Amino acid sequence: MSDSEDSCETPETSHDDYRVNGCGTHREVAEGPAPSVPRLLSVKKKKIVLHFDLNNTILVSDAVTKQGTVAALEYFLSTVTWGRMAKGKWEWRCETPSLLPPSEGAATYYSHFGRVASFTTVGPGKRFRKVLEEHLELLQWPSHLQPDKELCVRGEDGKLYHWILPSFFQLLQDLASQGLEFSIIFRTFGTDLPRVLMVVKRALEQGTHPLFPDLPALKLSVNATGGRIRCSTKGAVVTRGEERVSSREGERSLYQYMSSSQGLSGFQDHFDWWARNTYSILGGKPLWIDPFDSTVQHIFIDDNIRQNDEDTIVHPKVFLDPEGSQTRTASTSELYDLCLIQNDLLRAISDPTYFTQRIHICMENYERNLQQGLS
């Protein structure tokens with residue numbers, strides 16, 4: 001196939017043109033302005049508990065795989081560019097990166113071939129090189145600011161980049177300014193959690209981030225002691241310091257524990273359990289959801305959330321009855337844009353209000369479902 005036939009050349013476009021979903025065949029959930037603050041506050045006030053993945057969600061790097069900023073972004077691009085095999089050759093089926101398939105039968109390059117080093121440099125994704133370069137430029141630590149050894153990282157190309165995305169810190173400011181009650185729980189399979197908690201704690205308590213010097217005014221606490229979540233056929237156990245909660249005491253206790261979280265905290269999830277379950281929904285990071293609870297909404301943000309339950313990273317466990325202890329596994333598609341956000345790393349880099357917009361969408365969708373359930 002020649003490049004002119006069914007080409008996936010990236011057109012001349014600004015970073016704002018990247019769509020969350022593929023080719024208009026699905027809901028374009030994150031385009032347009034976020035709901036207004038009065039609309040959000042007109043519904044019954046509730047607490048939102050935000051479960052945030054780290055790597056390729058708020059960090060563009062990975063300590064476990066030893067991927068720097070450039071490699072991590074190239075890897076992400078291979079997971080959001082689509083094609084198919086035809087007559088023994090790979091044919092591109094997209095024009096721009098998208099989270100969802102542009103057509104039936106399309107697969108991401110990563111799902112078909114796995115990790116490919118230098119995907120856009122010397123690999124088959126060269127046509128997406130401009131996308132990579134644009135977003136690396138947006139990620140660069142501002143040249144007029146003094147480098148910060150905790151907040152910036154030197155990439156493989158020798159340039160300095162933000163380690164934690166500015167859009168994450170913007171989210172904290174936005175939610176606080178809107179008077180919303182919220183907590184943040186970092187959830188990662190990786191090893192970056194202790195460092196993230198330490199860096200975020202300093203930024204929030206000492207105002208060390210030069211772009212967000214007023215963060216201490218938010219009065220957000222940070223529990224720098226990372227916890228662990230371990231799963232088995234017998235259930236789940238959550239530990240942190242002297243704290244220990246188990247599903248043997250009923251899954252309701254785990255829901256209440258997570259719902260009672262304050263400020264910012266974090267847990268390392270159980271990668272081996274996910275691997276033993278062939279990277280499917282049943283081995284994913286557990287998320288307890290009570291659809292009967294109008295006072296708390298749990299939302300999980302992760303780049304590996306996918307509407308394919310055989311290949312997704314969060315295990316939603318939905319309670320069957322008010323105050324009950326039994327749960328069912330809900331499909332990803334059932335909770336997509338209600339309690340589950342598939343992170344678009346490109347937009348999280350290019351749009352400072354990206355996380356705020358997506359969370360507002362989930363809040364409105366969730367409230368609509370609650371109202372329909374009550375009517």
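Quick caveat: nothing in here was measured; it's all calculated off a predicted structure.
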Quiz item: Step by step, would you call I164 with H209 a side chain to side chain contact (heavy atoms under 4.5 Å, CB included)?
Solution: CA-CA 11 Å; I164 299 176; H209 201 304; over 6 Å; no
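- Between the side chain of R84 and the backbone N or O of E91 there is no donor-acceptor pair closer than 3.5 Å.
- Here the CG atom belonging to L139 is positioned 12.0 Å from the CG atom belonging to L160, to the nearest 0.5 angstrom.
- Y255 and V314 end up in different hydrophobic clusters when Ile, Leu, Val, Met, Phe, Trp and Tyr side chains are linked at under 4.5 Å.
- Considering all non-hydrogen atoms of both residues, L254 and A236 come closest at CD1-O, 4.1 Å.
- A 4.5 Å side-chain heavy-atom check between L132 and L77 finds at least one atom pair inside the cut-off.
- Side-chain contact check for T120 versus V131: every heavy-atom pair is 4.5 Å or farther apart.
- Residues R358 and D344 are not paired through a salt bridge, judged by the lack of any N-O separation under 4.0 Å between the basic side chain and the carboxylate.
- At distances below 3.5 Å, at least one donor-acceptor pair connects side-chain atoms of D309 with backbone N or O atoms of T332.
- The shortest side-chain heavy-atom distance between E334 and V318 does not fall under the 4.5 Å cut-off.
- A heavy-atom distance below 4.5 Å is not found between the side chains of L151 and H162.
- In this structure, Y109 and W90 have perpendicular ring planes: the angle between them is above 60°, well past the 30° mark.
- For the 3.5 Å distance criterion, the side chains of T57 and D302 fail to qualify, holding no donor opposite an acceptor.
- In this structure, the separation between OG on S61 and CG on L54 is 9.5 Å, given to the nearest 0.5 Å.
- L145 is connected to L165 through a chain of hydrophobic side-chain contacts under 4.5 Å among Ile, Leu, Val, Met, Phe, Trp and Tyr, so both are in one cluster.
- We find the CG-CH2 distance between N304 and W274 to be 5.0 Å, quoted to the nearest 0.5 Å.
- Here the rule is ring-ring contact (aromatic ring centres under 6.0 Å, His included) with F186, and of F300, F168, F52 only F168 fits it.
- Here the straight-line distance linking atom CG of L215 with atom CG of L204 works out to 5.5 Å at 0.5 Å rounding.
- Under the 4.5 Å side-chain heavy-atom criterion for ILVMFWY residues, a single connected hydrophobic cluster contains both Y161 and L138.
- L59 and L211 fall within a single hydrophobic cluster, where Ile, Leu, Val, Met, Phe, Trp and Tyr are joined by side-chain heavy atoms under 4.5 Å apart, directly or via other members.
- Checked against ring pair (Phe, Tyr, Trp, His ring centres under 6.0 Å), Y75 has the following partners two or more places apart in sequence or in another chain: Y110.
- Taking the side chain as every heavy atom from C-beta outward, K46 and S294 never approach each other to under 4.5 Å.
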Quiz item: When you look at W273 and H315, which way does the side chain to side chain contact (heavy atoms under 4.5 Å, CB included) test go after all the steps?
Solution: CA-CA 12 Å; W273 178 246; H315 184 184; 5.9 Å; no
Self-check item: side chain to side chain contact (heavy atoms under 4.5 Å, CB included) between R127 and T81, worked out
Solution: CA-CA 11 Å; R127 62 191 71 220; T81 46; over 6 Å; no
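- When side chains are defined from C-beta on, R115 counts as touching T65, because their heavy atoms get closer than 4.5 Å.
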Please list every donor-acceptor pair under 3.5 Å in which a side-chain atom of residues 187-197 meets a protein atom from a residue at least two apart or in another chain.
{"residue": "R187", "atom": "NE", "partner": "D269", "partner atom": "OD2", "Å": "2.8"}
{"residue": "R187", "atom": "NH1", "partner": "H51", "partner atom": "ND1", "Å": "3.0"}
{"residue": "R187", "atom": "NH1", "partner": "P286", "partner atom": "O", "Å": "3.3"}
{"residue": "R187", "atom": "NH2", "partner": "D269", "partner atom": "OD1", "Å": "2.9"}
{"residue": "R187", "atom": "NH2", "partner": "P286", "partner atom": "O", "Å": "2.8"}
{"residue": "T188", "atom": "OG1", "partner": "G190", "partner atom": "N", "Å": "2.9"}
{"residue": "D192", "atom": "OD2", "partner": "N55", "partner atom": "ND2", "Å": "3.0"}
{"residue": "D192", "atom": "OD2", "partner": "A63", "partner atom": "N", "Å": "3.4"}

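- Between S260 atom OG and Q256 atom CD the span is 8.5 Å, to the nearest 0.5 Å.
- In this structure, the side chains of I305 and I313 come closer than 4.5 Å at one or more pairs of heavy atoms.
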Quiz item: F182 and I359: side chain to side chain contact (heavy atoms under 4.5 Å, CB included), yes or no, with the steps?
Solution: CA-CA 11 Å; F182 68 96; I359 287 160; over 6 Å; no
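- With values rounded to the nearest 0.5 angstrom, C231 atom SG is found 9.0 Å from N277 atom CG.
- Residues T353 and T356 have side chains that never bring a donor and an acceptor to within less than 3.5 angstrom of each other.
- Put simply, F212 and M198 are part of the same group of oily side chains (I, L, V, M, F, W, Y) that touch within less than 4.5 Å, one to the next.
- Sorted by first then second residue, the side chain to side chain donor-acceptor pair (under 3.5 Å) pairs that include residues 217-233, not counting sequence neighbours, are R230-Q268.
- Inter-residue side-chain proximity for C339 and H298 is flagged as unmet; no heavy-atom pair is nearer than 4.5 Å.
- Side chain to side chain, Q170 and D174 meet the donor-acceptor criterion of an N or O pair below 3.5 Å.
- Checking side-chain atoms of E150 against main-chain N and O of R202 turns up no donor-acceptor pair under 3.5 Å.
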